[in-house]
Amino acid sequence: MFDVIIAGCGPAGAMLAAELRLHDMRVLVLEKDTEPVSFVRIVGLHIRSLELMAMRGLLERLLEHGRRRPAGGFFAAINKPAPEGLDSAHAYLLGIPQPVVVRVLEEHAIALGAEVRRGGALVGFEQDDEGVTVELAGGEQLRSRYLVGCDGARSTVRKLLGVGFPGEPSRNETLMGEMEVGVPPEEIAAKVSEVRETDLRFMFGPAGVGVYRVVIPVAGVSEDRAEPTLEDFQQQLRVIAGTDFGVHSPRWLSRFGDATRLAERYRVGRVLLAGDAAHIHPPTGGQGLNLGIQDAFNLGWKLAAQVRGWAPDTLLDTYQAERHPVAEDVLDNTRAQMELLSTEPGPQAVRRLLTELMDFDEVNRYLIEKITAIGIRYDFGEGPDLLGRRLRDLELNQGHLYDLLHRGRGLLLDRTERLTVGGWSDRVDYLAAPTAALDVPCLLLRPDGHVAWIGNNQQDLNHHLTHWFGNPTN
């Protein structure tokens with residue numbers, strides 16, 4: 001009997017497994033692929049995801065494998081620098097191979113005690129009042145209290161659950177891969193510069209010694225959705241650039257569409273969805289992987305609390321209440337970005353106008369905070385603007401704030417030195433006189449770093465401790 005079975009060991013599944021293990025959940029991750037993906041797709045970890053990694057002590061490991069870039073130029077590839085003074089100690093983009101992110105998160109989950117079973121394809125499940133019975137491809141059945149589908153855009157869990165996935169189907173595709181070339185770099189640079197004057201979706205840049213990463217827009221959608229061939233790349237390059245650059249010896253080739261869909265529900269009974277199983281959208285702005293990791297971070301402690309039995313009645317429901325609107329916003333901003341990348345006169349006119357508007361700091365800052373997810377504010381009711389927002393990694397008298405969140409517990413920062421977490425000390429840590437930089441008397445942080453309460457009254461604090469962390473143990 002497992003506490004939680006997770007279908008899919010991508011970034012969201014591996015992150016969720018690690019979060020659950022922080023609370024001693026019996027976790028099994030089922031991954032249908034027998035081996036990790038062989039191709040190396042570079043992704044960008046945005047500011048909020050970097051903060052989450054710092055909260056769990058993983059950031060330094062990831063920095064070893066990535067390359068820092070300025071946190072600007074994300075929105076529809078409009079080349080504007082990031083505004084000064086972004087509210088984060090990690091105000092940069094980390095370009096890093098996706099397999100490295102998955103490997104680091106998977107190793108982290110396993111080190112914490114999660115079990116990962118590769119070649120274990122989920123083909124069915126049934127749920128009842130006590131748990132979920134999961135059936136594997138070979139006929140084996142497993143039992144768990146909860147099941148979470150982190151199994152991607154074509155999620156088996158979502159389909160079997162019968163959850164609607166409304167939105168827009170793919171209208172266009174993009175070919176992406178890495179390959180060697182047969183012409184000098186100067187010739188490539190000149191032609192790429194020429195093409196990108198009218199089509200910003202086209203990319204052709206170095207990805208190592210003698211190897212180039214190629215991104216080519218394609219009108220329409222292939223009928224069979226089969227993996228593309230080198231000949232497909234050569235043909236489309238000739239259409240877009242007038243030359244195929246003598247490409248040869250591909251490392252990997254793939255295609256993806258621009259479908260935009262959002263699951264109607266994130267939870268049905270004891271089965272939940274996260275990551276691409278819950279939402280898909282074009283990769284413009286590089287938000288997809290980050291959105292999935294942040295889903296898992298939001299869900300982990302809440303699901304563990306539910307299994308442990310101390311969760312307030314509505315706690316698990318806040319997963320959808322908080323994350324579904326965030327995904328809606330991401331889908332909308334990617335729709336807007338795709339329009340701004342169109343070569344049609346109307347969208348190009350809007351793009352020129354927005355380019356001018358982004359010279360205003362407020363506009364540029366708003367869009368950067370949206371893309372990097374540091375502008376999110378969950379609705380926790382009336383209160384100061386900081387309520388419901390994440391707190392930056394403050395320098396405390398005792399070190400850095402995020403170092404105190406490695407265990408995935410709540411945290412009370414008390415400048416008054418008069419309050420206490422009392423009967424919640426098994427779930428919430430306490431720190432007195434944390435720092436003069438904190439301009440409120442006391443605040444309560446959830447395990448995901450969002451501010452759950454601000455004040456200086458013990459009775460009011462107890463009410464909010466009960467709201468987020470259940471009844472006290474004594």
Side-chain angles (χ1 to χ4, degrees), residues 1-41 43 45 49 52-53 56-58 61-62 65 96-125 131-158 160 270-278 288-290 292-304 307 406-408:
M1 181 69 169
F2 294 95
D3 291 318
V4 182
I5 291 177
I6 301 169
C9 194
M15 183 83 255
L16 178 59
E19 288 297 289
L20 291 167
R21 280 302 305 158
L22 288 176
H23 303 280
D24 296 322
M25 297 291 98
R26 292 164 293 179
V27 180
L28 172 65
V29 185
L30 298 173
E31 173 52 56
K32 61 181 178 59
D33 294 332
T34 56
E35 298 291 338
V37 295
S38 57
F39 60 84
V40 181
R41 179 179 295 173
V43 296
L45 288 180
S49 294
L52 301 185
M53 297 304 170
R56 298 301 184 258
L58 296 170
R61 291 175 60 186
L62 291 167
H65 302 282
I96 187 170
Q98 180 165 334
V100 171
V101 177
V102 175
R103 188 186 76 235
V104 168
L105 293 177
E106 182 178 347
E107 290 174 351
H108 177 53
I110 292 172
L112 290 172
E115 179 183 346
V116 177
R117 187 182 302 185
R118 291 193 168 272
L122 179 150
V123 296
F125 64 83
V132 185
T133 300
V134 172
E135 182 179 352
L136 305 187
E140 181 181 4
Q141 292 190 338
L142 303 169
R143 186 74 173 159
S144 176
R145 297 181 187 278
Y146 287 87
L147 168 66
V148 184
C150 298
D151 49 344
R154 297 181 177 86
S155 170
T156 299
V157 173
R158 186 190 65 242
L160 293 174
R270 292 178 172 268
V271 184
L272 301 101
L273 302 171
D276 287 353
L289 178 144
N290 294 275
I293 288 175
Q294 293 158 24
D295 284 346
F297 218 82
N298 184 284
L299 175 59
W301 70 279
K302 298 174 181 178
L303 187 53
V307 174
H406 287 186
R407 295 193 297 166

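What you are looking at is a predicted structure, and each value in this text was computed from that prediction instead of being measured.
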Could you grab the distance from atom [atom1] of [X] to atom [atom2] of [Y], nearest 0.5 Å is fine?
X      : Y      : atom1 : atom2 : result
Gln98  : Leu45  : CD    : CG    : 9.5 Å
Cys9   : Arg118 : SG    : CZ    : 5.5 Å
Ile110 : Leu105 : CD1   : CG    : 11.0 Å
His65  : Arg103 : NE2   : CZ    : 5.0 Å
Leu272 : Ile6   : CG    : CD1   : 10.5 Å

* To do: Sort out for me which residue in Leu112, Val29, Val4 forms a side chain to side chain contact (heavy atoms under 4.5 Å, CB included) with Leu20.
  =>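 In the set Leu112, Val29, Val4, the residue that makes a side chain to side chain contact (heavy atoms under 4.5 Å, CB included) with Leu20 is Val4.
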* Only one of Leu142, Ile5, Val271 passes side chain to side chain contact (heavy atoms under 4.5 Å, CB included) with Phe125; say which it is. =>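 Answer to the side chain to side chain contact (heavy atoms under 4.5 Å, CB included) test with Phe125 among Leu142, Ile5, Val271: Val271.
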Residue pair [X] / [Y]: nearest heavy atoms and the distance that separates them:
X      : Y      : value
Gly10  : Val102 : C-CG2, 4.3 Å
Glu19  : Ala296 : CG-O, 4.3 Å
Ala12  : Gly292 : CB-O, 3.6 Å
Leu289 : Pro11  : CD1-CG, 3.6 Å
Ala109 : Ala18  : CB-N, 3.8 Å
Gly120 : Leu30  : O-CB, 3.4 Å

* Output every pair passing side-chain hydrogen bond (donor to acceptor under 3.5 Å, both in side chains) with a member in residues 22-37, not counting sequence neighbours, ordered by first then second residue. =>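 Of all non-adjacent pairs touching residues 22-37, those that pass side-chain hydrogen bond (donor to acceptor under 3.5 Å, both in side chains) are Asp3-Arg26.
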* Asked: Is there a donor-acceptor pair closer than 3.5 Å between any side-chain N or O of Asp151 and the backbone N or O of Thr156?
  ->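 Yes, the answer is positive, given that a donor and an acceptor are paired below the 3.5 Å cut-off.
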* Asked: For the side chain of Arg143 and the backbone of Met1, is there at least one donor-acceptor N/O pair under 3.5 Å apart?
  ->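 Absent.
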* Just do the side chain to side chain contact (heavy atoms under 4.5 Å, CB included) check on Leu16 and Cys150 with the steps written out, would you? => CA-CA 9 Å; Leu16 178 59; Cys150 298; 4.3 Å; yes
Check whether any side-chain heavy atom of [X] sits under 4.5 Å from a side-chain heavy atom of [Y], and report yes or no.
X     : Y      : value
Ile96 : Leu62  : yes
Met25 : Leu303 : no
Met15 : Gln294 : no

* Asked: Going through the checks in order, is the side chain to side chain contact (heavy atoms under 4.5 Å, CB included) test met by Arg21 and Glu115?
  -> CA-CA 10 Å; Arg21 280 302 305 158; Glu115 179 183 346; over 6 Å; no
* To do: Please step through side chain to side chain contact (heavy atoms under 4.5 Å, CB included) for the pair Val157 and Val148, ending with a clear verdict.
  => CA-CA 8 Å; Val157 173; Val148 184; over 6 Å; no
* To do: Show your reasoning for whether side chain to side chain contact (heavy atoms under 4.5 Å, CB included) applies to Val104 and Met53.
  => CA-CA 11 Å; Val104 168; Met53 297 304 170; over 6 Å; no
